[in-house]
Chemist: 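Sharing a structure with you now.
Numbers here are sequence positions counted from 1. Indexing begins at 1, ligand by ligand and atom by atom, following the structure's order.
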Amino acid sequence: MKILVADDSKTNIAIISAALEKMGHVVFAASSGEQAIELFQQQSPDLIILDVIMGGIDGFECASRIRKLDNNDWIPIIFLSASVDDISIAKGIDAGGDDYLTKPFSEITLAAKIKAMQRISDMRQKLFDTTRQLYLLSSTDSLTGVYSRLQFDRSFKEIIGTADCYHHALALFFIDLDNFKNINDSFGHHIGDLLLVEVAKRLKSCTRSNDFIARLGGDEFAMILNEIENAEEARYVAQKIINTLDVDYNLESHNIRSACSIGIALYPAHATTQENLILNADIAMYHAKASGRNNYQLFTTELNDKYKQRMNLEHALKFALERKELSLTYQPIFELHTKKLVGLETLLFWDHPQFGIVSPSIFIPLAEEAGLISQIGNWMIRTACQQAAQWSLHKLKDFKFTINISSRQVRHEDFYQQIVDIIADTRINSHLLELELTETVVMNYTNVPILETINKLHNLGIGISIDDFGTGYSSLIRLKNLPINTLKIEKSFIQDAVTSPHVGIIVSYLIALGKNLGMNVIAEGIETKEQLEFLQTKACPQGQGYYLSKPLTTEQMTNFLDDRVNELIRSASQA
Ligand code: C2E
Ligand code: CA
């Protein structure tokens with residue numbers, strides 16, 4: 001061991017040094033407390049022996065100064081003293097000492113005390129090694145080998161500090177895989193893990209060695225580009241990452257494609273603190289996801305404004321139900337060649353005292369994200385069904401009352417039971433109901449629970465229609481094998497059908513396709529006489545749109561129905 005001995009008596013130093021050297025230790029001798037502190041800093045000893053009474057600072061003071069300098073390393077300290085009373089023992093321990101040796105002492109006592117201190121020292125070393133190992137383990141992500149979230153948090157401040165010192169700019173990237181959950185669900189977690197490893201490798205190939213990559217959890221990675229010149233450089237790297245990740249992965253003979261979305265914030269241009277930089281990269285990421293995925297977004301103040309607006313809306317939405325700000329409208333659906341009323345589509349809207357009328361295409365996705373969709377959806381379906389019962393719609397023959405259902409809503413485990421309960425409570429005929437689901441929900445064949453729900457609803461007699469048909473990718477075989485009653489052709493097709501021959505052909509094809517599969521076909525968004533006539537010549541069975549009728553409030557619809565329902569009931573009973 002390296003042992004530091006401090007005593008102002010030369011004779012004592014000589015005796016102790018000789019004894020220690022005989023035992024095989026290396027001795028550094030100091031003749032005062034001040035010199036002992038100097039030697040402590042130069043030599044990093046493993047043990048310190050301090051005489052209590054010395055000229056200049058005494059042993060206690062010397063020990064407490066050493067304790068301030070030793071970075072919690074806790075190098076063992078033994079005090080040397082001629083007499084040891086209780087008070088000095090307490091004082092010595094307070095000053096940071098570990099043991100006492102009374103003068104005069106035998107070599108046997110000295111050796112024994114040193115042995116005890118050696119044990120403390122060994123334990124200290126072990127603790128140090130374990131802590132270091134733990135630190136290393138916690139600093140890397142065990143799956144991919146890039147840094148861990150913990151290390152990201154630990155290093156970020158330091159990286160910002162260095163950038164600040166050298167006046168460098170940094171770019172923080174948040175990178176999120178677009179369909180990782182689907183891949184995990186359809187191919188299993190093992191393939192999901194292999195994909196993450198490959199993604200980490202590809203990310204490394206896009207960066208320089210002094211850039212920092214971490215996996216923050218799940219399929220989320222963070223990257224810090226050091227010393228960037230300008231925003232262009234960040235854009236260049238982002239595009240490179242997008243191109244590199246959007247190439248098929250061959251994982252145990254599965255060919256998998258997994259693109260990513262990236263949010264970027266620059267230091268110091270967009271934020272100067274770690275917290276704000278992370279928040280801004282997150283905001284940029286949100287917009288990357290919202291603008292169709294497989295793209296990157298650089299933070300801007302406009303994005304920030306949009307984000308704040310969204311947060312305000314999301315907050316207000318939490319109170320929309322209890323403050324009775326949500327209402328329903330109903331758009332009539334007609335048989336196109338007779339103009340007979342054959343159905344109603346229920347639409348939700350939100351009238352907020354400050355924001356005005358908010359479109360469901362804006363607040364439904366918000367409700368999904370905020371976990372409010374089940375509550376709002378449940379209220380909406382219940383209110384609509386109560387209204388349908390009040391209008392006695394079940395008395396009409398071949399009449400459909402349709403309700404839009406969002407993908408998260410149908411994924412909710414209680415969804416089926418909610419519908420069953422509402423039907424029972426409102427005593428509405430289940431054959432009257434048709435649920436509108438979007439193409440992507442129905443065509444997602446990897447999602448078994450949704451398909452089970454759809455089949456169970458169908459078995460109850462509830463119709464299923466595919467909303468906005470033509471905008472997704474439907475497989476014909478799949479369309480044929482699913483219990484689908486209706487295809488609703490997306491309004492953008494109808495609106496271009498007359499002006500663009502190409503779109504006209506597509507619409508004719510979609511109508512024929514639905515009819516050949518034995519389904520009902522509804523054209524959405526008919527706004528002009530020409531569009532209606534075009535659809536009539538193509539024998540499209542049904543349609544809706546502003547030209548035929550705008551969505552009507554409950555009161556307007558009650559008036560509208562008054563005559564027609566009686567008329568329809570009469571014709572139904574005559575048939
Ligand atoms: P969607 O299901 O495609 O509904 C049709 C939308 O087009 C409605 O807008 C309707 O007012 C509008 N529309 C009807 N006829 C015409 C027309 O001739 N021209 C044009 N330009 N538009 C027309 P709205 O009410 O703003 O709803 C937007 C979307 O929000 C709906 O699209 C639907 O996806 C969703 N949504 C509406 N209500 C609900 C609901 O209760 N639950 C869920 N999950 N989603 C809903
Ligand atoms: Ca719809």
Side-chain angles (χ1 to χ4, degrees), residues 317 320-321 325-334 336 343-351 355-388 400-412 415 418-419 422 433-442 450 463-472 484-498 520-532 534-535 542-554 556-557:
L317 191 57
L321 261 185
E325 292 164 1
L326 296 179
S327 310
L328 303 181
T329 56
Y330 304 88
Q331 187 173 37
I333 300 169
F334 298 93
L336 292 184
L344 296 183
E345 174 176 5
T346 313
L347 295 160
L348 189 59
F349 75 95
W350 178 19
D351 190 0
F355 308 126
I357 302 283
V358 187
S359 161
S361 44
I362 291 179
F363 75 81
I364 294 288
L366 274 187
E368 290 191 324
E369 269 171 48
L372 297 166
I373 191 65
S374 179
Q375 200 189 351
I376 291 178
N378 193 10
W379 173 86
M380 175 307 173
I381 301 168
R382 184 171 289 275
T383 312
C385 289
Q386 278 163 352
Q387 191 56 63
K400 289 292 172 202
F401 185 69
T402 80
I403 291 178
N404 290 285
I405 304 293
S406 85
S407 65
R408 291 249 183 121
Q409 201 179 348
V410 74
R411 250 190 265 156
H412 204 278
F415 180 69
Q418 278 182 5
I419 298 279
I422 291 171
L433 265 190
E434 194 155 285
L435 303 184
E436 299 193 4
L437 298 165
T438 58
E439 205 171 352
T440 35
V441 176
V442 185
I450 287 192
I464 302 291
S465 74
I466 302 190
D467 210 358
D468 304 335
F469 187 71
T471 52
I484 293 159
N485 306 71
T486 305
L487 296 185
K488 296 191 79 169
I489 304 174
E490 151 65 21
K491 59 176 171 286
S492 58
F493 287 111
I494 306 303
Q495 274 146 24
D496 294 342
V498 182
N520 181 23
V521 178
I522 302 179
E524 293 181 308
I526 305 171
E527 289 184 348
T528 65
K529 188 165 174 264
E530 290 72 30
Q531 288 164 4
L532 173 64
F534 172 84
L535 290 162
Q542 299 182 356
Q544 63 188 107
Y546 294 165
Y547 181 71
L548 299 166
S549 168
K550 290 210 162 173
L552 304 177
T553 62
T554 309
Q556 288 169 329
M557 186 50 91

Chemist: Using only atom types and a distance under 3.5 Å, with no angle test, would you say the side chain of E490 pairs donor to acceptor with the backbone of E524?
Modeler: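 No, because the side chain of E490 does not come within donor-acceptor range (under 3.5 Å) of the backbone of E524.
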
Chemist: Can you give me the closest heavy-atom contact between E436 and K488, atom names plus distance?
Modeler: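 Looking at all heavy atoms of both residues, the shortest contact is OE2-NZ, 2.6 Å.
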
Chemist: Identify, with sequence neighbours excluded, every residue that meets side chain to side chain contact (heavy atoms under 4.5 Å, CB included) alongside Q495.
Modeler: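 If we apply the side chain to side chain contact (heavy atoms under 4.5 Å, CB included) test to Q495, skipping adjacent residues, the hits are K491, E527, Q531.
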
Chemist: Return the minimal non-hydrogen interatomic distance between I494 and G525, and the atom names on each side.
Modeler: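 Heavy atoms only, the tightest pair is CG2-O, 4.2 Å.
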
Chemist: Looking at E436, which of its N, O or S atoms is the nearest one to the Ca ion (ligand 2)?
Modeler: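 This residue's closest N, O or S atom turns out to be OE1.
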
Chemist: Not counting sequence neighbours, which residues clear side chain to side chain donor-acceptor pair (under 3.5 Å) with D468? List them please.
Modeler: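 Side chain to side chain donor-acceptor pair (under 3.5 Å) check on D468 returns nothing, list empty.
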
Chemist: Show me, by chain and number, every protein residue that has a heavy-atom distance under 4.0 Å to ligand 1.
Modeler: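 Shell around ligand 1 (4.0 Å, heavy atoms): Q331, E345, L347, L348, S359, P360, S361, I364, M380, N404, I405, S406, Q409, D467, D468, K491, Q495, E524, G525, I526, E527, G545, Y546, P551.
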
Chemist: Looking only at N, O or S atoms, find the one in D467 nearest to the Ca ion (ligand 2) and name it.
Modeler: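 Closest N, O or S atom of D467 to the Ca ion (ligand 2): OD2.
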
Chemist: Measuring only between side-chain heavy atoms, which start at C-beta, is L328 closer than 4.5 Å to Q387?
Modeler: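 Sidechains of Q387 and L328: no contact.
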
Chemist: Take the Ca ion (ligand 2) as the vertex and measure to OD1 of N404 and OE2 of E345; round to 10°.
Modeler: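 Seen from the Ca ion (ligand 2), OD1 and OE2 are separated by roughly 90°.
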
Chemist: Return the set of residues passing side chain to side chain donor-acceptor pair (under 3.5 Å) with N520 (not counting sequence neighbours), or none when no residue passes.
Modeler: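 Counting only residues at least two positions away or on another chain, N520 forms a side chain to side chain donor-acceptor pair (under 3.5 Å) with Q542.
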
